[in-house]
2 protein chains.
Amino acid sequence: MKGPQLQCKSMRSMKKESIRTVIVDDHQMVIEGLKTLLNGYESIEITSFFTTGKAVLEFLNNQPVDIVLLDVNLPDINGVEICKIIHEKYPETKTLGLSTYNEPSIINQMIKNGVKGYLLKNATADELVHAITQIHNGNFYFGSEIQNILASSITDDKDAPPKLTRREKHVLTLIANGKTTNQIAEELFISPLTVETHRRNLIRKMEVTNAAALVKIAIDKNLI
Amino acid sequence: MKGPQLQCKSMRSMKKESIRTVIVDDHQMVIEGLKTLLNGYESIEITSFFTTGKAVLEFLNNQPVDIVLLDVNLPDINGVEICKIIHEKYPETKTLGLSTYNEPSIINQMIKNGVKGYLLKNATADELVHAITQIHNGNFYFGSEIQNILASSITDDKDAPPKLTRREKHVLTLIANGKTTNQIAEELFISPLTVETHRRNLIRKMEVTNAAALVKIAIDKNLI
DNA sequence: TTTTATCTACTGGTTTTCAGGTATATTTTA
DNA sequence: TAAAATATACCTGAAAACCAGTAGATAAAA
């Protein structure tokens, strides 16, 4: 399926229309790696690269870009947030998520925020190029590992965000810090009985049996 | 068992003697990045690269290597372990730790296991080369960020490993899973009273006041 | 403007944890 | 081998957590 569909595209410009791609990653080594991996592929042009979310958003303000290779863990802005901003402000620009770890909840959030594909950083050059090409053609691309992760996380329905209220999150944080019901009540200027209620609701919502497990699950789900 | 490197043995005086370096990282992108970054430097020769700990240990069995660029997070063997093995079996070979995150406890363990230097993956090419050169000359090299991390972690004395026993770690894990003292006792075929003792010792050692905080701290310190 | 969600508060009860101890057999280490 | 660390076990009593149900006051959403 690779092959002679290159020239049929009814090009807007002359030559081969290359896919304008930018890289966002806070690690120089990864940036270099990506540049090297994509070096031999003429269809893809690395327009620029950035180590912060702020920088790439500024750039997009002035320059049209086809694909953003977006690392999830950035120093300034969360990758999930950047994803959202990009797709709201620049609907033409497509994002391909990249990360080291395979956290279903993050991937899910990225998808909700409009990411068009997702790869782990151990991807090969071919896989990377394939992903970029697919996404540029309006398709989605998720590596097989990612698909497995997503599939299992959907069937399990596990990382479904249990929708904690603001107050509950606050109480949860205090519980995780070792505060007792009475201490929490003092701190929040409410009755210990109320704190008990929140505590109960947290344990029920998170489907656990005590505070220790509650804390663990909460951390697992990045709620703290 | 490979033959054809025999004649290279006595080439100290030929040109500049290059530093035989191997890369261990499970991410293709990082490997490519490292190769690219080190490309222009003739003094450093990337002999080979690996994506697993097992592979590099096998290689070292047959080939002498000066420097191992060692990622901490590998799929099979823990980077900390590999470090230890390498320095025990191949004292001539020096390791330079590489990782994304700056976890003082891990860096400390690596140092204990003989690592000669440590860099974050956002290091520049110059920094990398400088580190490799320094280490090859018998010095240590730790990036300024790492030094800060180590300094603060020493003064804070915070991540001091509270030295949990095997049994205590086991109990800790079960507590984090929401098990009660009695359930744990059943599972481990010991008296609930014993479990209570372990629980109390855990809470004392970790300097917290209850199980919820215990779980949080334990996760923070990567004990679970 | 209903309806829903959230925060708040209470009663009454059971279970679990936490903090002080003590103590013995086994394993590790110096 | 002697000493230290570890794993095991027990006791008591107080504090805290947990369970189940109810319900009023707001605040947000339909």
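Computed over heavy atoms, backbone and side chain alike; hydrogens, waters and symmetry mates excluded. A note on names: the letters A, B, ... follow the listed sequences, proteins ahead of strands, and every chain is numbered from 1.
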Tell me whether the OP1 or OP2 atom of C:dA19 has a side-chain N or O from B:Arg204 closer than 4.0 Å. no
Rounded distance in Å - CG (A:Asn201) to C1' (D:dC18): 13 Å
Between CG of B:Leu214 and P of D:dA16 the distance, given in whole Å, is 18 Å
Within the 3.5 Å criterion, strictly below it, is a donor on B:Thr124 or A:Gln28 matched to an acceptor on the partner's side chain? no
Minimum heavy-atom separation for A:Leu188 to A:His170, with atom names? CD2-CE1, 3.5 Å
Taking for each residue the nucleotide of DNA chain C bearing the nearest heavy atom, is the 5' side occupied by B:Asn182 or by B:Arg166? B:Asn182
Rounding to an integer number of Å, can you tell me how far B:Glu196 CD sits from D:dA7 C1'? 16 Å
N-O pairing of A:Asp25 and A:Lys121 below 4.0 Å: yes
Give one of base, sugar-phosphate or nothing for B:Leu193, where a contact means two heavy atoms less than 4.0 Å apart. base
The side chain of B:Ala211 is closest to which nucleotide in this list: D:dT6, C:dA9, C:dC18? C:dC18
Which nucleotide in the list D:dA7, D:dA17, C:dC7 gets nearest to the side chain of A:Thr165? C:dC7
D:dT6 phosphate, OP1 or OP2, under 4.0 Å from B:Arg167 side-chain N/O: no
How long is the line joining CD of A:Glu168 and P of C:dT8, in whole Å? 10 Å
Side-chain donor or acceptor of A:Arg200 under 3.5 Å from a matching atom on the base of D:dA20? yes
Nearest-angstrom distance from the residue atom CE of B:Met206 to P of C:dC18: 14 Å
Does the plane of the ring in A:Tyr141 sit parallel, tilted or perpendicular to the ring in A:His130? Use 30° and 60° as the thresholds. perpendicular
Rounded to the Å, how far apart are A:Leu164 CG and C:dT6 C1'? 13 Å
I want to check one thing: is the phosphate of D:dT8, taken as OP1 and OP2, less than 4.0 Å away from some side-chain N or O of B:His198? yes
Distance in angstrom units between A:Gln183 CD and D:dA15 P, rounded: 14 Å
Presence of salt bridge, B:Arg20 and B:Asp66, under 4.0 angstrom: yes
Side chain of B:Ile190, heavy atoms from C-beta onward: which of D:dA9, C:dT8, C:dC18 has the nearest atom to it? D:dA9
Phosphate contact (C:dC10 OP1 or OP2) by A:Thr194 side-chain N/O below 4.0 Å: no
Whole Å only: how far is the CD1 atom of B:Ile203 from the P atom of D:dA15? 17 Å
With nearest nucleotides of DNA chain D determined for A:Thr197 and A:Lys179 from heavy-atom distances, which residue corresponds to the more 5′ nucleotide? A:Lys179
Using a heavy-atom cut-off of 4.0 Å across all strands, would you classify B:Thr180 as base, sugar-phosphate, or nothing? sugar-phosphate
